[in-house]
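Here is the naming used below: chain letters follow the sequence lines, and residue numbers restart at 1 for every chain. All figures in this text were calculated on a predicted structure; none of them were measured in a lab.
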There are 4 protein chains.
Amino acid sequence: MAGSSFGRLFRISTWGESHGKAVGVVVDGCPAGLPLTEADIQACLDMRKPGQSSVTTQRKESDTVEILSGTFEGLTTGTPISMIVRNTSARSGDYSEIAHCYRPGHADYTFDMKYGFRDYRGGGRSSARETIGRVAGGAVALKILEACGISVTAYTSAIGPVCVDKAAFDAAEIFRNPVYMPDKAAAEAAMALILDCREKQDSVGGVIECLISHVPAGLGEPVFDKLSADLAKAICSIGAVKGFEIGDGTLAAKAFGSQNNDPFAIDEDGSVIKKTNHSGGLLGGISDGSDIILRAHVKPTPSIFREQQTVSDDGRPVTLSIKGRHDPVVVPRAVIVVKCMAALVIADALMANMTARMDYLTDFYRK
Amino acid sequence: MAGSSFGRLFRISTWGESHGKAVGVVVDGCPAGLPLTEADIQACLDMRKPGQSSVTTQRKESDTVEILSGTFEGLTTGTPISMIVRNTSARSGDYSEIAHCYRPGHADYTFDMKYGFRDYRGGGRSSARETIGRVAGGAVALKILEACGISVTAYTSAIGPVCVDKAAFDAAEIFRNPVYMPDKAAAEAAMALILDCREKQDSVGGVIECLISHVPAGLGEPVFDKLSADLAKAICSIGAVKGFEIGDGTLAAKAFGSQNNDPFAIDEDGSVIKKTNHSGGLLGGISDGSDIILRAHVKPTPSIFREQQTVSDDGRPVTLSIKGRHDPVVVPRAVIVVKCMAALVIADALMANMTARMDYLTDFYRK
Amino acid sequence: MAGSSFGRLFRISTWGESHGKAVGVVVDGCPAGLPLTEADIQACLDMRKPGQSSVTTQRKESDTVEILSGTFEGLTTGTPISMIVRNTSARSGDYSEIAHCYRPGHADYTFDMKYGFRDYRGGGRSSARETIGRVAGGAVALKILEACGISVTAYTSAIGPVCVDKAAFDAAEIFRNPVYMPDKAAAEAAMALILDCREKQDSVGGVIECLISHVPAGLGEPVFDKLSADLAKAICSIGAVKGFEIGDGTLAAKAFGSQNNDPFAIDEDGSVIKKTNHSGGLLGGISDGSDIILRAHVKPTPSIFREQQTVSDDGRPVTLSIKGRHDPVVVPRAVIVVKCMAALVIADALMANMTARMDYLTDFYRK
Amino acid sequence: MAGSSFGRLFRISTWGESHGKAVGVVVDGCPAGLPLTEADIQACLDMRKPGQSSVTTQRKESDTVEILSGTFEGLTTGTPISMIVRNTSARSGDYSEIAHCYRPGHADYTFDMKYGFRDYRGGGRSSARETIGRVAGGAVALKILEACGISVTAYTSAIGPVCVDKAAFDAAEIFRNPVYMPDKAAAEAAMALILDCREKQDSVGGVIECLISHVPAGLGEPVFDKLSADLAKAICSIGAVKGFEIGDGTLAAKAFGSQNNDPFAIDEDGSVIKKTNHSGGLLGGISDGSDIILRAHVKPTPSIFREQQTVSDDGRPVTLSIKGRHDPVVVPRAVIVVKCMAALVIADALMANMTARMDYLTDFYRK
């Protein structure tokens with residue numbers, strides 16, 4: 001069964017392996033008339049690009065996107081938007097030694113079990129390069145959200161034990177440090193930790209938080225396609241994500257109802273608001289108009305340089321020594337991926353919600 | 001857009017409101033020839049039935065399932081299995097006072113925003129009775145898993161601050177206490193806490209853990225339809241779930257790679273095994289043959305008996321006093337729901353995986 | 001794989017066997033606020049009910065529909081509408097003699113090949129009773145179309161060699177004769193033919209035409225989900241349909257471009273119109289605002305009373321003599337099925353089209 | 001809503017406009033281990049290539065396919081296969097004069113109605129170049145069918161009034177004439193007719209027949225996803241197709257049951273066979289093991305060189321004179337498209353059928 005497509009009305013299909021000719025995405029269901037250029041996509045892709053600082057991988061790739069279809073004179077046409085990024089830095093030689101052994105924490109073994117063999121070059125389809133398609137597609141979704149007045153902010157909230165201090169939150173700081181943390185002091189501590197990891201030939205995980213503001217109330221469906229469920233799937237489909245929270249998340253499980261319930265109130269302008277937002281912007285899986293807040297918990301990069309014990313694909317014990325270009329932390333580069341996956345879910349929900357009521361149809365067709 | 005269906009090859013579509021005539025489910029895509037009786041379904045439904053002990057709701061319903069189609073002489077026929085549970089205990093009068101006010105923590109407000117109005121009787125479609133369809137459908141999935149040698153165990157691992165002691169884990173204990181905890185001492189502490197909540201007119205959340213054993217390696221798809229992503233969606237689509245973890249989950253985000261990687265080794269029988277299971281049975285989103293372990297973090301029941309401040313649907317402040325029959329904790333009754341949702345995902349993945357390789361097709365069709 | 005659901009945004013899932021407890025449908029994705037009662041559904045079901053005249057089957061069933069969910073105070077709520085029709089006239093004894101033999105023209109053999117066995121009572125899932133779910137779901141779609149100003153007319157245009165005379169077309173006549181023909185003389189000839197078939201223990205096929213008026217231009221998608229393609233699938237999914245045409249259909253294949261092209265012109269009110277409608281209301285698979293015209297070619301009922309040579313399921317030659325209650329023609333009862341299937345496609349396309357342009361989204365969300 | 005994807009388990013997503021940078025397809029769900037090279041794809045693409053003879057369009061394009069992902073060392077890997085064909089012969093100047101007028105029989109008007117504007121160069125997404133993606137994807141499906149012992153034959157059975165003589169059917173002849181007819185005399189008459197059309201600045205339609213042999217019994221689903229319904233959608237999604245038949249098709253509607261029923265018999269080897277095949281290889285929408293036969297009725301090319309009356313997009317009458325490179329008949333080039341669309345449906349059904357029975361699952365997982 002397929003598995004490389006995401007979304008219902010606004011739908012992306014990604015393709016490509018780490019060391020194949022290219023990676024890419026087809027966006028289907030994008031409304032016509034959205035201004036879209038390659039620069040819009042490139043700005044997002046650049047955020048996930050490796051080789052940007054001392055704390056990320058040394059692999060240098062230009063990762064330049066080309067739009068092949070679906071736009072005309074700077075606007076989307078309503079037909080599929082095909083985007084491609086050529087793989088320029090592939091050095092197959094780097095990976096030959098791991099062709100027949102199973103790297104711990106990687107998908108080598110499970111690919112062999114599923115498919116009988118695998119494209120072992122650089123992780124093939126399970127490489128982080130797979131996220132290029134997500135980000136290119138998500139960049140289009142972000143343009144739709146922007147046109148509808150919705151903003152998405154994502155940042156690193158923890159690297160290993162180093163957490164952002166909520167009191168020190170400064171959105172402007174996010175893009176000033178290479179770990180995308182909204183807290184300068186935390187960012188510096190995190191960078192020190194990462195360099196320490198590199199020195200110790202180890203790696204570390206972290207947490208990414210995403211805040212979606214000005215979402216209209218009413219998005220999401222009541223049962224299986226709750227907005228929270230679709231966001232959970234979107235986020236947990238990103239490689240290395242091992243946990244997902246919405247609103248108070250795991251803390252809600254320890255809370256009492258009298259604390260966790262968000263009281264409704266009437267705002268100065270007469271609208272209904274919530275006094276608190278423990279629920280993270282959703283009630284019954286449907287957006288309530290307050291900020292949607294979610295967190296992705298990311299495991300440490302499995303590629304570490306210290307020697308590891310493992311086995312070969314013909315059943316012999318092997319001492320593995322990974323070489324090449326690997327981040328000691330994948331979290332900062334995954335920030336834009338989380339942002340884009342969240343945007344894809346919201347764009348889809350915006351479109352689905354337009355048919356929720358009969359008067360929406362009659363207003364549209366009987367005008 | 002729909003939203004009441006779940007699964008791709010093995011697919012359920014649920015329907016029904018708390019105080020309508022009935023609730024039910026249609027299971028489509030169930031293989032022919034599976035032995036299935038109403039007793040199989042009823043056994044699962046009975047686990048989510050209210051009114052079973054002093055710590056769960058006082059609402060008494062028989063919740064008797066009737067199979068209307070899809071079986072013949074005790075076997076599934078391959079055609080849709082329609083199952084229905086009549087609502088027998090609906091007392092609409094209980095709910096009339098909340099028809100025009102928004103209960104904190106409930107979906108009243110978001111349903112009004114989405115649909116323009118709502119069936120306010122007992123929460124309508126957002127009631128916990130919605131899970132009857134999930135459980136009835138999941139009971140069929142559990143039969144498929146059993147036939148394939150896969151077992152699913154779910155239990156309460158925490159109620160508020162009361163956590164199961166892993167050292168004291170005793171699977172046989174799960175069904176001996178009304179909170180479904182695998183640790184007698186924790187269960188007693190949890191029951192004391194729940195009764196205390198009831199006395200204080202408050203409620204409490206908790207954590208449900210699910211263990212899936214003997215899953216063949218290779219299930220799940222590499223990108224968006226990772227088994228972890230589908231499980232995340234399945235679990236987070238359950239009302240009140242605010243967090244999801246797989247394997248070490250949120251702890252993985254704090255770990256170093258050298259700790260978190262599970263080394264491969266050769267078992268006595270020559271097969272490949274993992275020495276540890278931090279990953280929770282999945283690598284790259286695909287099952288690796290070790291136990292799949294997941295956790296659902298459940299918020300406290302929003303229906304609490306103490307007075308709450310809220311607003312009416314015409315914008316006036318209201319002091320709300322909820323009456324009726326409500327659990328101070330929803331966690332124990334949700335254990336079977338988590339188990340069933342997990343089973344639905346695995347059954348679907350089992351079927352999808354049968355076409356992963358070309359030799360599977362040629363073996364099947366050229367024999 | 002499933003296969004009992006139809007539609008994307010407006011989606012029905014049907015279930016039930018001829019001689020099971022009941023048949024039914026779940027409608028998911030119906031907009032909230034549509035007035036809907038059981039009488040709306042019953043009116044459509046009554047058109048496919050057997051036992052209505054001397055030319056249709058003698059089986060008498062009340063086929064009374066019950067709405068179990070999805071409406072509140074006479075309006076749809078946006079949640080799934082579950083509808084059920086109990087099977088009241090099932091007499092299993094009628095069918096026991098065909099339990100182990102393959103009726104020519106029926107699905108007995110193919111069900112055995114697919115599933116390994118079958119519910120042989122009355123055709124099971126492949127019985128014409130399966131269409132009850134389609135009609136009940138289509139009745140809801142028809143209400144949506146009506147609210148949007150779209151009308152659907154379906155009728156028998158031929159029974160065997162007896163064709164309606166286009167010059168004599170009289171819409172009012174359709175419901176005045178039991179074969180639903182818009183031409184009194186043709187209807188009388190058709191009824192004579194059917195009675196002759198009954199006498200000769202034979203059966204006959206026919207053609208159903210469907211006209212959809214006031215469809216807004218722009219419905220349908222450009223490539224695989226052309227409105228014509230979705231209509232073709234809808235119609236060809238009805239049992240016994242062996243051919244499908246849109247507009248001039250098979251005649252277009254014999255025509256020259258200079259005849260077949262419909263010239264555009266400016267109407268008196270300044271709008272763009274087509275001077276002819278060879279295309280049947282679609283260009284490039286997308287509605288062009290003129291009437292959509294389609295035809296379903298229906299094979300003769302396979303159940304005939306004269307003796308037939310066939311084989312048993314253990315490989316012996318058998319002389320088959322079908323008993324029971326069977327129409328010598330299925331066409332009139334299928335008229336409402338064609339109408340409902342067409343309505344399902346249009347309702348779905350109406351909803352999908354509401355997100356085709358970016359200004360539709362910004363108008364909706366930024367107002 | 002999307003609309004550029006086709007298939008469930010074996011799924012293609014096409015993209016690209018006539019005069020954009022490229023056209024292409026992503027194939028998702030292809031089993032791993034299928035031998036596949038660009039030459040396999042190219043052989044099919046070459047059949048739809050224009051400029052091959054005096055009776056097809058003069059537009060010369062190399063239409064060379066490049067596989068960008070999803071294969072490794074000559075085998076499919078189970079991950080998405082992305083294929084691209086660059087547009088090399090685009091001369092935008094040819095089309096500027098029709099930028100603001102609606103060509104009769106084309107989708108110009110409906111695209112404007114749907115999307116508000118269109119890429120007018122060469123028909124954009126509604127150009128016949130859109131079929132390149134279908135053919136490239138279908139070529140992969142054909143390889144799967146071949147591996148499972150299934151063969152697909154497609155050919156032109158009529159051009160305008162010129163029909164193939166069934167008695168003269170010669171499969172070897174199909175590839176010996178540029179109209180792909182299995183009857184030399186008919187092919188010559190058809191070519192004369194086409195040249196006459198060209199001289200008269202007119203165009204003509206035709207019929208394509210497709211024969212699928214050695215299909216195992218049991219493919220297809222009983223209700224909406226009947227194999228006949230999926231084939232109908234596949235074929236009617238091809239631009240210019242106005243009618244679809246399976247087996248006896250429209251003739252079945254004129255037949256009596258005693259003629260149309262195919263009697264079952266026991267073959268010499270003890271297997272169940274049908275003595276005739278009026279049904280065209282399907283019973284109840286499920287394959288019965290005999291040849292599947294279908295026909296596509298194709299309208300004349302709407303681009304004709306004689307002057308036509310139409311209107312501009314600002315509502316003025318226009319006399320249109322189409323220039324450029326256009327076939328007087330599209331039928332021969334569409335033969336491979338019909339073949340590929342049929343192959344896509346069968347490949348998908350082959351995969352879906354592997355989970356139809358419970359013992360298929362237990363045999364697979366408990367071995």
Select one option (side chain, backbone, both, neither) describing which atoms of [X] are under 4.5 Å from chain D's heavy atoms.
| X | answer |
| --- | --- |
| C:Gln309 | backbone |
| C:Val298 | backbone |
| C:Lys226 | side chain |
| C:Asp112 | backbone |
| C:Leu193 | side chain |

| said: Can you list everything that forms a side-chain contact (heavy atoms from CB on, under 4.5 Å) with C:Thr156? Sequence neighbours excluded, please. | reply: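 Counting only residues at least two positions away or on another chain, C:Thr156 forms a side-chain contact (heavy atoms from CB on, under 4.5 Å) with C:Ile159, C:Tyr180, C:Met181, C:Val331, C:Val335.
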
| query | Got a sec, which residues hit side-chain contact (heavy atoms from CB on, under 4.5 Å) with D:Thr14, two or more places apart in sequence or on another chain? | reply | C:Val223, C:Phe224, D:Ile12, D:Val25, D:Arg125

For each of [options], tally heavy-atom pairs with chain D at distances under 4.5 Å, and name the one with the top tally.
| options | answer |
| --- | --- |
| C:Pro317, C:Ala349, C:Ala255, C:Gly280 | C:Ala255 |
| C:Val272, C:Asp230, C:Leu219, C:Val207 | C:Val272 |
| C:Lys274, C:His297, C:Met113 | C:His297 |
| C:Gly270, C:Gly239, C:Gly116 | C:Gly116 |
| C:Gly243, C:Ala296, C:Gly249, C:Gly285 | C:Gly249 |

Can you tell me which portion of [X] sits under 4.5 Å from chain C's heavy atoms? Options are side chain, backbone, both or neither.
| X | value |
| --- | --- |
| D:Thr131 | neither |
| D:Ile246 | both |
| D:Ile238 | backbone |
| D:Ala217 | both |
| D:Cys101 | neither |
| D:Arg295 | neither |
| D:Ser287 | backbone |
| D:Asp288 | both |
| D:Met341 | side chain |
| D:Thr301 | backbone |

Please identify, among [options], the residue contributing the most non-hydrogen atom pairs under 4.5 Å to chain C.
| options | result |
| --- | --- |
| D:Ala229, D:Ala252, D:Gly205 | D:Ala229 |
| D:Ala107, D:Gly284, D:Ser237, D:Ala253 | D:Ala253 |
| D:Ser228, D:Ser271, D:Gly206 | D:Gly206 |
| D:Pro161, D:Gly220, D:Gly247, D:Ala240 | D:Gly220 |
| D:Gly133, D:Ala158, D:Ser4, D:Cys163 | D:Ser4 |
| D:Val311, D:Asp359, D:Val241 | D:Val311 |

Point-to-point distance, once rounded to the nearest 0.5 Å, from [atom1] of [X] to [atom2] of [Y]:
| X | Y | atom1 | atom2 | result |
| --- | --- | --- | --- | --- |
| C:His106 | D:Leu283 | NE2 | CG | 10.0 Å |
| D:Asp202 | C:Gln259 | CG | CD | 7.0 Å |
| D:Cys236 | C:Glu245 | SG | CD | 10.0 Å |
| C:Ile286 | D:Ser126 | CD1 | OG | 8.0 Å |
| D:Asn261 | C:Arg306 | CG | CZ | 10.0 Å |

| message | Would D:Cys197 and C:Phe256 count as a side chain to side chain contact (heavy atoms under 4.5 Å, CB included) here? Give the steps. | response | CA-CA 8 Å; D:Cys197 276; C:Phe256 293 99; 3.6 Å; yes

Would you say that [X] contacts [Y] through its side chain, given a criterion of any heavy-atom pair below 4.5 Å between the two side chains?
| X | Y | answer |
| --- | --- | --- |
| D:Pro263 | C:Gln308 | no |
| D:Tyr115 | C:Pro222 | yes |
| D:Asp262 | C:Pro104 | no |
| D:Leu251 | C:Lys242 | no |
| D:Lys114 | C:Asn353 | yes |

| request: Decide side chain to side chain contact (heavy atoms under 4.5 Å, CB included) for D:Val204 and C:Lys254; before the verdict, give the C-alpha distance in whole Å, the side-chain angles of both, and the deciding distance to 0.1 Å. | output: CA-CA 7 Å; D:Val204 67; C:Lys254 295 180 176 63; over 6 Å; no

| task | Identify the two heavy atoms, one from D:Phe264 and one from C:Tyr102, that lie closest to each other, and give their separation to 0.1 Å. | result |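 Minimum heavy-atom contact is CD1-O, 3.5 Å.
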
| Cationic N near anionic O, under 4.0 Å, C:Lys299 to D:Asp248 |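 D:Asp248 and C:Lys299: not salt-bridged.
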
